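Each ligand, and each atom within it, is numbered from 1 in the order the structure gives. These numbers come from a predicted model, not from an experiment.
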Amino acid sequence: MASALRFTSPVLRASFNASATIPLRAAAYNGLRTYSTAKTKSLKDTFADNLPGEIEKIKKLRKEAGNKVVGEVTLDQVYGGARGIKALVWEGSVLDSEEGIRFRGKTIPECQKLLPKAAGGEEPLPEGLFWLLLTGEVPSEQQVRDLSTEWAARSDLPKFIEELIDRCPPDLHPMSQFSLAVTALEHESSFSKAYAKGMPKTQYWEHTFEDSMDLIAKLPGIASKIYRNVFKDGKVAPVQKDKDYGYNLASMLGFANNSDFVELMRLYLTIHSDHEGGNVSAHTTHLVGSALSSPMLSLAAGLNGLAGPLHGLANQEVLNWLLKMKKAIGDDLSDEAIKDYLWSTLKSGQVVPGYGHAVLRKTDPRYVSQREFAQKHLPDDPMFKLVSQVYKIAPGVLTEHGKTKNPYPNVDAHSGVLLQYYGLTEQSFYTVLFGVSRALGVLPQLIIDRAVGAPIERPKSFSTEAWAKLTGVSL
Ligand code: CMX
């Protein structure tokens with residue numbers, strides 16, 4: 001494996017060679033010998049080869065512009081959830097308020113076109129998106145196939161993780177079970193073991209890479225074990241080593257016989273992955289990771305944030321809300337009936353789930369891609385018709401309500417309806433699927449953070465008294 005590398009930096013070369021002798025990592029490679037014989041360049045080699053150039057870019061930028069002022073901060077921003085404060089570096093994606101997300105400069109439709117697909121499939125494979133996020137390059141079909149094989153090969157769950165999930169009470173929310181299992185995977189962390197042995201900083205990224213790959217590989221098994229335990233017979237189908245990540249997730253959940261659901265999983269995992277660095281799950285993973293907590297502990301922290309109803313849990317809330325609406329209005333999908341229900345939600349002091357966004361000021365392109373999927377695969381589904389009617393009416397009602405800065409739907413407004421159509425009707429599980437995908441977005445940045453030596457994060461805080469003094473206000 002090492003002979004295939006072309007490190008230009010002596011530091012990296014030394015780092016790679018030294019870490020190749022670490023038993024845990026060597027064991028990982030022993031189990032993955034097939035990849036070293038692949039004709040195409042591996043993801044790790046691609047990242048390693050690009051790294052010196054990326055580090056140089058950051059050095060140049062900081063040398064030439066380190067003192068430049070990039071914005072100002074108002075007191076309202078400080079008290080308003082740090083909204084819009086430019087304070088983070090996130091390489092994988094940038095969110096534009098009007099246009100939506102771009103992954104390494106590419107829109108969702110561009111990714112749908114450019115990223116490799118499964119044989120016979122039309123949706124992008126999430127493996128390709130992960131590659132793009134980590135390296136900035138669109139992988140070849142073979143590279144994506146190799147990554148599918150690698151993730152399948154790393155997917156076995158330690159027995160104690162399965163037992164841990166088995167011991168959870170079925171009414172412990174699936175997101176708590178998910179976070180618990182990811183935290184417990186710390187036991188397997190290559191990063192933590194190497195750190196305890198005194199690894200040098202130059203090796204941080206490689207162990208973070210290995211942990212991230214293991215973690216991603218194991219998430220479908222963990223998610224499926226939770227799903228099958230809580231809602232089905234507890235039995236999980238084995239991973240098929242020659243299949244892609246989305247297929248295996250669908251299969252382990254128990255939906256492999258529906259090729260449209262498999263396609264939905266591929267799309268779902270791709271579009272929910274990354275949404276720049278400031279959202280709660282991404283920022284939390286990055287923040288906790290900045291303390292050099294392992295990828296397992298960092299991701300678990302991010303998942304706990306994703307489990308909040310204003311963030312990822314909104315996908316469960318949306319379907320609950322839609323079902324309640326359906327019960328209340330029956331088959332009457334008239335504009336008036338929808339409008340009345342929206343107002344009743346708002347007047348009872350609740351938010352309309354799936355609508356609004358901290359950054360976006362237009363319909364979320366992740367909503368649009370799911371809508372297009374529905375138009376293609378389930379145009380006559382009554383719940384899709386309801387979602388479409390809400391899309392027609394809600395922006396007007398929310399505008400009239402006058403509070404939200406963005407009256408348009410976000411990603412969570414659509415996903416539940418697609419899942420329930422294929423029989424995945426258990427809403428409390430939906431955020432777990434979001435979490436599997438989110439790992440594909442936040443872990444590349446954690447690898448990058450460790451590779452470029454990002455420091456521990458530590459913004460400044462003041463008490464209200466001190467802010468008042470700073471702004472010349474007497475309280
Ligand atoms: N329904 C009713 N009121 C809403 C609203 C909605 N969908 N969205 C925002 N508002 C309200 C806010 O609660 C806030 O009210 P107060 O002034 O009384 O506190 C006001 O409008 C201003 O909020 P904002 O600046 O437009 O939005 P924020 O950046 O503060 O919050 C978000 C963004 C997503 C939390 C908010 O729009 C919301 O609660 N939406 C519903 C929940 C949801 O769909 N979350 C998922 C987001 C996507 C994701 O992370 O997965």
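Considering M296, H207, E210 in turn, H207 is the only one that fulfils the side-chain contact (heavy atoms from CB on, under 4.5 Å) rule with F191.
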Write 'none' if nothing qualifies; otherwise put on separate lines each N/O atom of ligand 1 with a protein N/O atom under 3.5 Å away and their distance to 0.1 Å.
{"from": "ligand 1", "atom 1": "1 (N)", "to": "V352", "atom 2": "N", "distance (Å)": "2.9"}
{"from": "ligand 1", "atom 1": "7 (N)", "to": "V352", "atom 2": "O", "distance (Å)": "2.8"}
{"from": "ligand 1", "atom 1": "7 (N)", "to": "Y355", "atom 2": "O", "distance (Å)": "2.7"}
{"from": "ligand 1", "atom 1": "8 (N)", "to": "T404", "atom 2": "OG1", "distance (Å)": "3.4"}
{"from": "ligand 1", "atom 1": "18 (O)", "to": "K403", "atom 2": "NZ", "distance (Å)": "2.7"}
{"from": "ligand 1", "atom 1": "21 (O)", "to": "T404", "atom 2": "N", "distance (Å)": "3.2"}
{"from": "ligand 1", "atom 1": "25 (O)", "to": "K405", "atom 2": "NZ", "distance (Å)": "2.7"}
{"from": "ligand 1", "atom 1": "26 (O)", "to": "T404", "atom 2": "OG1", "distance (Å)": "3.3"}
{"from": "ligand 1", "atom 1": "26 (O)", "to": "K405", "atom 2": "N", "distance (Å)": "2.7"}
{"from": "ligand 1", "atom 1": "29 (O)", "to": "R83", "atom 2": "NE", "distance (Å)": "3.2"}
{"from": "ligand 1", "atom 1": "29 (O)", "to": "R83", "atom 2": "NH2", "distance (Å)": "3.1"}
{"from": "ligand 1", "atom 1": "30 (O)", "to": "R83", "atom 2": "NH2", "distance (Å)": "3.3"}
{"from": "ligand 1", "atom 1": "40 (N)", "to": "Y355", "atom 2": "O", "distance (Å)": "2.9"}
{"from": "ligand 1", "atom 1": "44 (O)", "to": "G354", "atom 2": "N", "distance (Å)": "2.8"}
{"from": "ligand 1", "atom 1": "44 (O)", "to": "N410", "atom 2": "ND2", "distance (Å)": "3.0"}
{"from": "ligand 1", "atom 1": "45 (N)", "to": "L310", "atom 2": "O", "distance (Å)": "2.9"}
{"from": "ligand 1", "atom 1": "50 (O)", "to": "H311", "atom 2": "ND1", "distance (Å)": "2.6"}
{"from": "ligand 1", "atom 1": "51 (O)", "to": "H311", "atom 2": "O", "distance (Å)": "3.3"}
{"from": "ligand 1", "atom 1": "51 (O)", "to": "D412", "atom 2": "OD2", "distance (Å)": "2.6"}

**OP:** Apply side chain to side chain donor-acceptor pair (under 3.5 Å) to the pair S93 and D274, showing each step before the final yes or no.
**Re:** CA-CA 7 Å; S93 64; D274 205 29; 2.8 Å; yes
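W151 and F130 have their aromatic ring centers within a separation under 6.0 angstrom.
Figure legend: R371 and F384 shown without cation-pi pairing, the cationic atom not lying both under 6.0 angstrom from the six-membered ring centre and within 45 degrees of its axis. The cationic group of K339 does not satisfy the cation-pi geometry with Y341, failing either the under 6.0 Å distance to the six-membered ring centre or the 45° limit from the ring axis.
Residues passing the side-chain contact (heavy atoms from CB on, under 4.5 Å) test with K106 are E110, C111, L114, L132, V138, sequence neighbours excluded.
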